[in-house]
Amino acid sequence: MKDSPVLVAPSLLAANFLELGKEVEMVNRSEADWFHLDVMDGRFVPNISYGLPVIAQIKKLARKPCDVHLMIEEPEKYAAEFKKAGADILTVHAEACVHLHRNIQQIKSLGMKAGVALNPHTPVVMLENIIRDIDVVLVMSVNPGFGGQTFIEQTYQKIKQVRQLIKDHHASALIEVDGGIGTENAGQLVAAGANVLVAGSAIFASPDPEKAIAALKRGAL
Ligand code: DX5
Ligand code: ZN
């Protein structure tokens, strides 16, 4: 038994953008907890997704927190704009920030929760001096840039390391995991210490996305 339930954050990257309003309403109705919104700049990652105007539209309908995952260079230039567009949680990549501590303070001073994402190759020790300052650690379980990729098995070990780091520093950050997640690995991820599961294709490519969300929540019990 777990002491706190797992949160599920559907990634709209895999949604049908011609029916975006309906997709947002589906997430509103479902057992999902957050909207996960992936922003890619074609520089930090080899793909371009969507940005501020689309997030502002989603925000008009969303009745759950908007968790914005910035896969962009120089995220500090846009933090205030993402706040305006509706981000409740703003996550930057450790690899994209020369002054990560400053970037985290900036996000918090704008009134958002601050997250830091780690690419699969980035060691957990990178977070040692900031773990008490952040609200979310986003552990990438694929190389960022695309939906529908294969889950990297080493992630379980990494989640355990983050869990230990949080404990050692008496910190309270949530551990969010992103990429290649479905009911087949949800339970093991939660057992390793994950609090938030992001899923794109496992939800939106399913014939019944609401059921898929419920299954992820249950699969993780
Ligand atoms: C990958 C994104 C993910 C992606 C997950 O760069 O950060 O949020 O949408 O998609 P799936 O669940 O299909 O791996
Ligand atoms: Zn993401």
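Whatever order the structure lists them in is the order used to number ligands and atoms, beginning at 1. Numbers here simply count residues along the sequence, with the first being 1.
- Close to ligand 1: Ala199, with a non-hydrogen atom less than 4.0 angstrom away.
- Checked by atom type and distance alone, the side chain of Arg132 pairs as donor or acceptor with a backbone atom of His169 at under 3.5 Å.
- Numbered from 1 in the order shown, with element, the atoms of ligand 1 that lie under 4.0 Å from a heavy atom of Met71 read 6 (O), 7 (O).
- The local environment of NZ in Lys113 is sparse, with at most 12 non-hydrogen atoms from other residues, nucleotides or ligands closer than 6.0 Å.
- Looking only at protein heavy atoms, the nearest one to atom 12 (O) of ligand 1 is Gly200 N, 2.7 Å.
- Nearest protein heavy-atom neighbour of atom 6 (O) of ligand 1: Gly145 N, 2.8 Å.
- Those atoms of ligand 1 that come under 4.0 Å of a heavy atom in Gly148, given as number and element, are 11 (P), 13 (O), 14 (O).
- Interface atoms of ligand 1 facing Pro144, defined by a heavy-atom separation under 4.0 Å, are 6 (O).
- Atoms of ligand 1 found under 4.0 Å from any heavy atom of His69, numbered from 1 in the order shown, are 7 (O).
- Near Leu13, meaning under 4.0 Å from any of its heavy atoms, are these atoms of ligand 1: 9 (O).
- The atom name of the N/O/S atom in Asp38 closest to the Zn ion (ligand 2) is OD1.
- Among protein heavy atoms, the minimum distance from atom 10 (O) of ligand 1 is reached at Gly147 CA, 3.6 Å.
- Taking every heavy atom of His36 and a limit of under 4.0 angstrom, the matching atoms of ligand 1 come to 8 (O).
- Residue-ligand proximity, Ser201 to ligand 1, at heavy-atom distances under 4.0 Å covers atoms 11 (P), 12 (O), 13 (O).
- Looking from atom 14 (O) of ligand 1 to the surrounding protein, the closest heavy atom is Gly180 N, 2.8 Å.
- From the protein, the heavy atom lying nearest to atom 1 (C) of ligand 1 is Phe146 O, 3.5 Å.
- Counting only heavy atoms of the protein, atom 2 (C) of ligand 1 lies nearest to Asp38 OD1, 3.5 Å.
- Around atom 8 (O) of ligand 1, the closest heavy atom drawn from Asp178, Asn47, Asn119 belongs to Asp178.
- Checked by atom type and distance alone, the side chain of Lys108 pairs as donor or acceptor with a backbone atom of Asp133 at under 3.5 Å.
- Using a 4.5 Å heavy-atom threshold, the side chains of Lys158 and Val124 count as touching.
- Under the 3.5 Å distance criterion, the side-chain polar atoms of Tyr50 are matched with a main-chain donor or acceptor of Asp38.
- Close contacts of ligand 1 with Met40, meaning ligand atoms under 4.0 Å from a residue heavy atom, involve 6 (O).
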Worked verdict on Glu19 versus Asn16 for side-chain hydrogen bond (donor to acceptor under 3.5 Å, both in side chains): CA-CA 5 Å; Glu19 303 276 6; Asn16 176 1; 4.8 Å; no

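- Considering only non-hydrogen protein atoms, atom 9 (O) of ligand 1 sits nearest to Ser11 OG, 2.8 Å.
- At least one donor-acceptor pair closer than 3.5 Å links the side chain of Lys59 to the backbone N or O of Gly86.
- Considering the Zn ion (ligand 2) as centre, the angle to ND1 of His69 and to OD2 of Asp178 is 90° (10° rounding).
- The atom of His36 nearest to the Zn ion (ligand 2) is NE2, with the search restricted to N, O or S atoms.
- Salt-bridge annotation for Lys64 and Asp88: absent, with no side-chain N of the basic residue lying under 4.0 Å from a carboxylate O of the acidic one.
- Side-chain polar atoms of Gln188 and Asn185 form no donor-acceptor pair below 3.5 angstrom.
- Salt-bridge check for Arg29 with Glu210: passed, with a basic side-chain N closer than 4.0 Å to an acidic carboxylate O.
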